[in-house]
2 protein chains.
Amino acid sequence: MKLTTFDHFNCSLAQTLSVIGEHWTLLIIRDAFFGLRRFDEFHNSLGISRNVLSVRLKKLVTAGIFEKTDGPGHPEYRLTEKGLALQPALVAMTHWGDTYLPNPEGKRLTFVDRRDGKPIKPVGIYAADGRRLKPKEIKAKAGPGLRNAEPYARTVPLEEVEGNA
Amino acid sequence: MKLTTFDHFNCSLAQTLSVIGEHWTLLIIRDAFFGLRRFDEFHNSLGISRNVLSVRLKKLVTAGIFEKTDGPGHPEYRLTEKGLALQPALVAMTHWGDTYLPNPEGKRLTFVDRRDGKPIKPVGIYAADGRRLKPKEIKAKAGPGLRNAEPYARTVPLEEVEGNA
DNA sequence: GCAGTTAAGTTCTTTGATAGAACTCTTATG
DNA sequence: CATAAGAGTTCTATCAAAGAACTTAACTGC
């Protein structure tokens, strides 16, 4: 009765969730984006219990999302390039929360271009020519990595689905 | 010793994770994007246990992500607009998994514009003028919804952080 | 009308995962 | 050298998930 992992799904989302989908993990990564690097910094910022934090950090290092280095007299955990590449996903979720679970007093954060201070383009789905696409304006096409025997290729003929992601 | 919720964080990401961050939830939503609508469809597609699926669907309906309707003789769960708006986050995570946890036989899915069949622009962070921005080229600015007393405003002075998200 | 079937959801038990506190160990610091 | 601070580990109590069995309700022929 182990907690089910999602590794066995041939699905990029399930694979991703196997690595970053556990309780606390994405918040630890968020804190790392905000500059936290040390065990107790994460512990204090989140109120996560120490044993769980320990397990999570180990897993993230193994996964290549964090790099553990010797800081000035103490270890430090820093995002690798692989970890930094999670930024669009984090920003997309942040943006969704801002929109649908807002703070009544206004936006909590805005992301701006460091160069000119202007807000970034809202994270979304854009066509090659730059048009913003709505959920049902895209469809998924199976690539070489997806066999027809796979669960979610089987359940629904991909080409015929409305609003798939 | 209840499993900690993230509701108390004044953080859009934490709020989002309170709703979609539980085990299985995002895969249920993914399946809904692929056209699944019924209890047993989700159950069969994911192999999730029925009790957990039941709890998750209820929570998603309460959160306004799914809408429960009477289908032809049986209930159906469909994504609301709020649920459909999660698409960019899902696609961003899918894209990350495709890149960093790839299937050796090639891409599993490609997302294309329904209109012309061309692949969408890769999900990422873009400046107002369309330039693609790297993680450290943006910064977060506190808005009216974020007080200085808040945890992650406290931990790090936002303006001085490298590569924050 | 009723036996058989299918689907939706609930209940129950077992076991794994988390919360929280206490503890160990190593490294700075006066 | 004493003390403290930070980084983890260990321990116990409780909660949540896995898996199977059960209940309920609607459809399907006969």
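The structure displayed is predicted, hence computed values, not measured ones. The basis for the numbers below is simple: all heavy atoms, side chains too, and nothing from hydrogens, waters or symmetry mates. Residue numbers begin at 1 in each chain, while the letters A, B, ... track the order of the sequences.
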(message) Between the opening five pairs and the closing five pairs of the helix from dG1(C)-dC30(D) to dG30(C)-dC1(D), how far apart are the helix axes, to 10°?
(response) 20°
(message) Counting only heavy atoms not in Glu81(B) (residues, nucleotides, ligands), do more than 12 fall under 6.0 Å from its CD?
(response) no
(message) Tell me whether the count of non-hydrogen atoms from other residues, nucleotides or ligands lying under 6.0 Å of NZ in Lys134(B) goes above 12.
(response) no
(message) From C-beta outward on Val52(A), which listed nucleotide comes closest to its side chain: dA19(C), dA18(D), dA17(C)?
(response) dA19(C)
(message) Rounded to whole Å, please give me the gap between CD1 in Ile28(A) and C1' in dT18(C).
(response) 13 Å
(message) Measure CZ/Arg37(B) against P/dA7(C) and give the value in whole Å, please.
(response) 17 Å
(request) Could you pull out all residues at least two apart from Phe6(A) that satisfy ring pair (Phe, Tyr, Trp, His ring centres under 6.0 Å)? (result) His23(B), Trp24(B)
(request) Give a yes or no answer on whether the side chain of Glu76(B) reaches the backbone of Lys68(B) with a donor-acceptor pair at less than 3.5 Å. (result) no
(request) Could you grab the distance from atom SG of Cys11(B) to atom CG of Leu101(A), nearest 0.5 Å is fine? (result) 11.5 Å
(message) Just verifying a value: how many Å separate Leu46(B) CG and Thr4(A) OG1, rounded to the nearest 0.5 Å?
(response) 10.0 Å
(request) Would you mind reading off the distance between Leu53(A) atom CG and dA21(C) atom P, rounded to a whole angstrom? (result) 16 Å
(message) Using whole Å, what does the distance between atom P of nucleotide dA17(C) and atom NE2 of His23(A) come to?
(response) 14 Å
(request) Specify the separation, in whole Å, of atom CG of Asp70(B) and atom C1' of dA25(D). (result) 13 Å
(request) Would you confirm whether His43(A), through its side chain, and Ser49(A), through its main-chain N or O, come within 3.5 Å as a donor-acceptor pair? (result) no
(request) Could you state the atom-to-atom distance from CD of Glu76(A) to P of dT27(C) in whole Å? (result) 16 Å
(request) State the CG-CZ distance between Leu57(A) and Phe66(A), to the nearest 0.5 angstrom. (result) 6.5 Å
(message) Surrounding CZ of Arg131(A) (heavy atoms of other residues, nucleotides or ligands, distance under 6.0 Å), is the total greater than 12?
(response) yes
(request) Could you check how far CD of Glu22(B) sits from P of dA17(C), rounded to whole Å? (result) 17 Å
(request) Measure the distance from CG on Asn44(B) to C1' on dA8(C) and round it to the nearest whole Å. (result) 12 Å
(request) List the protein contact pattern of nucleotides 7-12 of chain D with one symbol per nucleotide (5' to 3'): B for base contact, S for sugar-phosphate-only contact, - for none; contact means a heavy-atom distance under 4.0 Å. (result) BBBBB-
